[in-house]
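We're numbering straight along the sequence, starting at 1. Indexing begins at 1, ligand by ligand and atom by atom, following the structure's order.
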Amino acid sequence: MKTENSMTRRKALKGLGASMATIAVGSSLAGTAGKYTGSTDNPILENPLNKHPKPPYKKQIQPHPGLASKMDPVPDHGEKSYKGSGRLKGRKALITGGDSGIGRAAAIAYAREGADVAINYLPAEEEDAKQVIALIRDAGRKAVAIPGDITSDDFCKKLVEDAVSQLGGLDILVNNAGYQKSNLSIMDISDESFDATMKTNIYAPFWITRAALPHLPPGSSIIATTSVQAYDPSENLFDYAQTKAANVAYVKSLAKQLGPKGIRVNGVSPGPVWTPLQVCGGQEQDKLIEFGGDTPLGRAGQPAELASIFVQLADNSGSYSTGQIYGAAGGGGHP
Ligand code: NAD
Ligand code: MG
């Protein structure tokens, strides 16, 4: 009896094991209606390896500041792909360098999430800026174009005043504009070029933030675009890398200062991203061909792949995150 019972129990457990396995397989297929099968042609999953163009890229050079529309391939800023869900409804954002690259991706995403958006850019970038203004309007939001050079303190003050008056306030500030000039030797860096790098990447965020702060209510978010260069500087970006390290310190210090005022300060740290910055003197041509090829994902990132980080950092739902740096570098480059 005892033997029979234990046999029966063994059989029952074996049977149960088999049916558990069936349930497990059955539920994974039935519950998802065959969506998450791991197949590479699955329309629900996007394989990051194949999602965007890979090296080798074509050699190309444009005069500074360059136009996204003239790059080959043209960067993907999320024009066709970004879908909003009201995460920033009623918010008012100022984005520097909002005409192209990472700033344009943030501008498109913010507008589709319900924010009114002002963008700043250099007058030479009017062509790119016009496209962004049209995209913001297509999303049903107010678009404000404020061209001008942020290496001037006076212009930075005017930029903030114009943004605040035309948007009717301000609660998201994205200090994203940047200048990057590759030089193989420190001996090749002119005072003029060094100064442009420091003024654009360090002074301008300081001037703009100082002018904006009196207008930012509690709940506002300040976001800086830093870089992997802050942590692992390339030999050819001696001056630029120092400014990106300064941007990290800007985030960490200002977050401590403004936390008690209810204003959050965070940073985004991109790795190699396919933008005009890289094709107008920011990168050596032989490095451009292989751009991002040494990352685990084997390619450069596209601006669209960073947009959701900018949204998350501005969104009320991220309310406990401040003083943080969020990376998007294809798998490498961060501490
Ligand atoms: P981008 O060329 O599209 O954007 C840079 C923008 O900076 C320009 O569009 C321009 O409008 C603005 N700008 C430059 N000088 C200016 C000035 N004097 N006055 C006003 N505006 C000025 O390139 P991007 O790569 O999208 O750059 C955005 C930010 O991303 C920069 O801060 C850059 O340092 C950072 N970043 C880029 C990469 C990358 O691989 N592309 C990697 C890490 C960090
Ligand atoms: Mg540009």
Distance-only N or O hit between ligand 1 and [X], under 3.5 Å:
| X | result |
| --- | --- |
| Glu125 | yes |
| Ser227 | no |
| Tyr179 | no |
| Ile102 | yes |
| Thr151 | no |
| Pro276 | no |
| Val228 | no |

Would you say [X] touches ligand 1, if touching means a heavy atom closer than 4.0 Å?
| X | result |
| --- | --- |
| Thr243 | no |
| Gly271 | yes |
| Phe291 | yes |

Side chain, backbone, both or neither: Gln278 near ligand 1, heavy atoms under 4.0 Å: side chain
Could you tell me, atom by atom, which parts of ligand 1 come under 4.0 Å of a heavy atom of Pro272? 40 (O)
Glu125, N/O/S atom nearest the Mg ion (ligand 2): OE2
Would Asp99 count as a contact for the Mg ion (ligand 2), in the sense that one of its N, O or S atoms lies under 2.8 Å from it? yes
If I take every N, O or S atom of Tyr121, is at least one of them less than 2.8 Å from the Mg ion (ligand 2)? no
Heavy atom to atom 14 (C) of ligand 1, shortest distance: which of Ala177, Pro205, Gly97, Gly178 holds it? Gly178
